[in-house]
Amino acid sequence: MNKLIALSVLFFVAYLLAAPTLVNGDGLGYLRAAAGSTIYPGHIAYVAFLRAAGFLVGATRPIDFLAPARLLSAGSAALAVFLTGRTAQTLVEKNAGLVAAAGLGVSFGTLACGSDVESYAPALCGLTAAIYCCVHKQWVGAAIATALATLFHVENVLFLLPLGLLVPRPRRLPVVAFSATLIAAPYGILVACFGRQWLLSARHGFSYPLRLANFPIALYGAAKAIVYSPYLYQASLTCVSVSLALGLCAIVAVMVVARPWSWPMGKAAMIGWLLSYGGLAILFFSSDQERYVFLLPLFWLVVASGQRRFAVALVITCIGVANGVLWLPRAKDATDKARAHAIVANVHVGDLVICPGHSWDEYVGFYERVDVEMFPIVYYAGKLHEMTRVKEQLASAIARARDRHARIFLVRWQDSSDANGWKELALFGVTPSTIDALLPSPTTKVIRGESLTELF
């Protein structure tokens, strides 16, 4: 128990120290939502927690919420590590808890969400709490924890299936119904307030049809949940291939070394857990490690049920070293932060900044506390689903800026050197060569630098 607590505290400190120089794009949206009035339909509890944490420190601007948000992520991920270890100790034996906890802690999926502003960390904490309660036959606690995990991240509604398989038959329906009611009630209230369209925006506005390519892509995403691997647009083919191979080898090695392993929570419940979350991962953003975060406790509980734990511990150590070598230099790279900072020298409070989005362009003024109005095209494309409506929204934003005599800037406009944002906009037929069509005409553009254009 004391070793497990010490290990969890160690991971808490490690996640805080590993925090990326530039908060991730989703995190930026959460911080702005916490400072404003936005409620994310897929993460309704998360922004509420951020606002509560921000209130304690007197936060008013998005940047003010960054420190408490990262503390929440690191604490949640560390607690998830502890709960997974305690579950393994209950199901298997004492040393199995250290294996499960260490494996979950070093996995890149946990490292990424525990070190940055992500709803996945508190959602993972809720999920591992539900698992812990199930193992200890605390069925009301399991129902509440499942609901909390789902309110932090809607994907965890899938855990109602394994929850139902874990609860004894006489109590199964009441427990699952209670958890489902706790989930549905706040969503019902919010839909009544904001309408059905608000709920549909949880889809992120992007459609990813099922293709045969989804399966090998999902393999990449699953490997990345263990060992970090950059995307092809971020690194060379050699670098991506080596990183991917390390992730796949780590999965195979730890499963082979741990043989014979079992299904410590029962075969039916754990296979139901695997198939439900794994199926969604194949269908939706299958290359992202986040899709597999909620499968990591399952994976490491299975591994911990096996033998030869010293050999497993060596593989886990190698995973931690690989993530440190492959990911930390990228996480601590300040290049994109410097690019956004360079733009701030030319903009003033109240100016309108129009950009493709999903890259460093969305951080203009964030760290410097300069209140500019941001218009990331990709955000509105996902929200409104069609470029005609995006064009109308953009024209309105430009008209408002002109009415208040603010300047209007185009950032990263027609710049195809960074695929972020453009690859999503391509789904709507927007490319660097065609994005000018979204601007109201006639317009005059005055070039101010490589990434900055002033629009009159």
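Between Y220 and Y231, the ring-plane angle classifies as tilted under the 30° and 60° cut-offs. Taking the six-membered ring where tryptophan is involved, the planes of H153 and Y120 are tilted, since the angle between them lies from 30° to 60°. By the 30° and 60° cut-offs, the orientation of the rings of H136 relative to Y132 is tilted. Using cut-offs of 30° and 60° for the angle between ring planes, the Y367 and Y363 rings count as parallel. The aromatic rings of Y277 and W273 stand perpendicular to each other, their planes meeting at an angle above 60°, with 30° marking the opposite boundary.
Counting only heavy atoms from C-beta outward, the side chains of V154 and H43 never approach each other to under 4.5 Å. Here the side chains of Y380 and L438 are not in contact, with every heavy-atom distance at 4.5 Å or above. Between W360 and V411, some side-chain heavy-atom pair lies under the 4.5 Å cut-off. Counting only heavy atoms from C-beta outward, the side chains of L425 and P356 approach each other to under 4.5 Å.
Between R339 and D336, at least one side-chain N (NZ, or NE/NH1/NH2) sits under 4.0 Å from a carboxylate O, which counts as a salt bridge.
Of the inter-residue distances, the one linking S416 atom OG with I435 atom CD1 reads 11.5 Å to the nearest 0.5 angstrom. L301 CG to L104 CG: the interatomic distance, rounded to the nearest 0.5 Å, is 8.5 Å. In this structure, CH2 on W300 lies 13.5 Å from CG on L295, to the nearest 0.5 angstrom. Rounded to the nearest 0.5 Å, atoms CD (Q234) and CG (D418) are 8.5 Å apart. Here the straight-line distance linking atom CZ of R330 with atom CG of L326 works out to 8.5 Å at 0.5 Å rounding. We find the CZ-CZ distance between R61 and R32 to be 12.5 Å, quoted to the nearest 0.5 Å.
A donor-acceptor pair under 3.5 Å is formed between the side chain of D415 and the backbone N or O of S417. Within the 3.5 Å criterion, the main-chain N or O of L4 finds a donor-acceptor partner in the side chain of S8. Y187 places no side-chain N or O within 3.5 Å of a backbone atom of L151 that could act as its donor or acceptor partner.
L16 and R70 get closest at one heavy-atom pair: CD2-O, 3.9 Å. Closest approach of D26 and N24 over heavy atoms only: N-OD1, 3.0 Å.
Each of I226, L124, V293, N323 was evaluated against T110; a single residue qualifies, L124, per the side-chain contact (heavy atoms from CB on, under 4.5 Å) test.
At most 12 non-hydrogen atoms from other residues, nucleotides or ligands lie less than 6.0 angstrom from NZ of K137. Heavy-atom contacts from other residues, nucleotides or ligands closer than 6.0 Å to CZ of F55 number 12 or fewer. Atom NZ of K267 has 12 or fewer heavy atoms from other residues, nucleotides or ligands within 6.0 Å.
F152 is linked by a ring-ring contact (aromatic ring centres under 6.0 Å, His included) to F49, counting only residues two or more places apart in sequence or in another chain.
Pairs passing the side-chain hydrogen bond (donor to acceptor under 3.5 Å, both in side chains) check and including a residue from residues 161-184, sequence neighbours excluded, do not occur. For residues 303-320, the pairs satisfying salt bridge (charged side-chain N to carboxylate O under 4.0 Å, His left out) are E93-R309, with sequence neighbours left out.
In the model, S359 has no side-chain atom that pairs as donor or acceptor with a side-chain atom of D361 under 3.5 Å.
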